[in-house]
Protein chains: 2
Amino acid sequence: MKEIEPRSTCPVSYTLDFFGDKWSLLIMRDMMLNNKSTYGEFLNSDEKIATNILADRLNMLEAYGFVTKKVAADKKSKFVYHLTEKGIELVPVVLEIALWGAKYHPSGMDRELSDALETDKAGTILRIQNLLRNKFLSFETI
Amino acid sequence: MKEIEPRSTCPVSYTLDFFGDKWSLLIMRDMMLNNKSTYGEFLNSDEKIATNILADRLNMLEAYGFVTKKVAADKKSKFVYHLTEKGIELVPVVLEIALWGAKYHPSGMDRELSDALETDKAGTILRIQNLLRNKFLSFETI
DNA sequence: TCACTTTACTTGCATTTTGCAAGTAAATTT
DNA sequence: AAATTTACTTGCAAAATGCAAGTAAAGTGA
């Protein structure tokens with residue numbers, strides 16, 4: 001994993017310095033929408049990420065404070081990743097990306113989610129973000 | 001420019017098949033927010049894209065219907081790129097990316113834009129999209 | 001307790017993508 | 001007619017990605 005240095009002062013460019021690749025945001029998606037939290041679960045996603053890339057990206061996400069990494073409560077040989085607040089704040093980005101994709105791709109997008117977003121986008125985003133915050137908290141207090 | 005084949009049915013993954021790199025969305029940003037429309041203008045952006053990458057990405061954007069390419073009205077040696085409706089529909093994505101970036105990066109984000117988005121996000125997005133549609137139309141009818 | 005499995009990686013190497021510098025070519029300007 | 005602008009292409013080096021195999025700690029079943 002290489003250190004990231006901003007290419008410019010532009011906020012779009014800055015975000016892409018972290019997430020301008022084919023994989024980082026898919027890991028975020030899995031945490032946000034697919035309730036995944038371990039290396040093995042990320043590895044099993046449909047897109048078939050390579051193991052070295054997954055390890056590299058998880059490192060990056062942790063190093064830059066998008067996720068936390070902790071030993072699992074049940075198994076010491078397992079790590080659990082959770083989104084930080086900084087990561088949770090990317091939910092709107094991922095959802096807009098999903099909405100665009102669903103418009104042009106015969107989609108595996110969840111019908112309930114797309115309906116909820118259509119009815120009340122802002123509210124749906126907040127609900128998802130709060131669920132992710134609670135997940136982190138409940139994990140913390142076990 | 002390589003042909004793109006979807007890695008999965010996921011709409012997030014599908015969008016990233018096109019825009020999961022460090023440059024494509026910056027060209028879109030330049031068209032959406034910085035009123036740029038020519039090769040030379042894209043080349044002059046702060047991030048300093050390489051000429052071969054720019055050519056490749058413009059090709060991709062045109063091939064997949066995100067932009068149109070036409071000879072400029074004033075100069076036959078110049079091409080003008082404009083966003084298609086499919087491209088304009090990515091405005092929400094770029095703006096969410098910008099909002100996140102502005103939160104974490106001492107930012108070159110336009111104050112007026114960030115204020116307008118804070119006050120009325122949906123309305124601001126629609127206004128920007130309509131401006132882009134009009135730009136295309138006025139160009140068409142000259 | 002000892003082999004087997006699960007989980008999370010690392011390593012080595014081939015392929016692909018990106019980056020840089022230089023070159024090309026048509027149109028326009030001087 | 002020469003210089004400049006505009007939009008690229010080409011060649012090669014460097015970096016990122018992909019694939020297959022290997023490692024190592026922890027947990028499981030006999």
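Every chain is numbered from 1 and lettered A, B, ... according to where its sequence line falls, protein lines coming before strand lines.
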5′-ward residue of the pair A/D56/A/K75 relative to DNA chain D =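 Residue closer to the 5' terminus by nearest nucleotide: A/D56.
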Of A/S77 and B/E41, whose closest DNA chain D nucleotide lies nearer the 5' terminus?
->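 In this pair, the answer is B/E41.
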Which nucleotide, [options], lies nearest any side-chain atom of [X]?
X     : options               : result
B/A55 : D/dT9, D/dT17, C/dC9  : D/dT9
B/K78 : C/dT7, D/dA7, D/dT17  : D/dA7
A/Y39 : C/dG19, D/dA26, C/dC9 : C/dC9

No-H, no-angle donor-acceptor pair, B/T51 side chain to D/dT9 base, under 3.5 Å =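 Yes, a donor-acceptor pair under 3.5 Å.
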Would you indicate, yes or no, if [N] has its OP1 or OP2 atom less than 4.0 angstrom from a side-chain nitrogen or oxygen of [X]?
X     : N      : answer
A/K48 : D/dT17 : no
B/W23 : C/dG19 : yes
B/K2  : C/dT17 : yes

So, B/F66 versus B/F18, ring centres under 6.0 angstrom or not?
->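 Yes - the distance between ring centres of B/F66 and B/F18 falls below the 6.0 Å cut-off.
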Is the count of non-hydrogen atoms from other residues, nucleotides or ligands lying under 6.0 Å from A/N52 atom CG greater than 12?
->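 Yes, the 6.0 Å shell around CG holds more than 12 heavy atoms from other groups.
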Is atom NZ of B/K76 surrounded by more than 12 heavy atoms (other residues, nucleotides or ligands) closer than 6.0 Å?
->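 Incorrect, the count does not exceed 12.
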Counting any heavy atom closer than 4.0 Å, what does A/Y81 reach on the DNA or RNA strands: base, sugar-phosphate only, or nothing?
->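 The residue A/Y81 makes sugar-phosphate contact but no base contact.
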Under 30°, 30 to 60°, or over 60°: which ring-plane class applies to B/W100 and A/F19, parallel, tilted or perpendicular?
->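 Answer is perpendicular, since the angle exceeds 60°.
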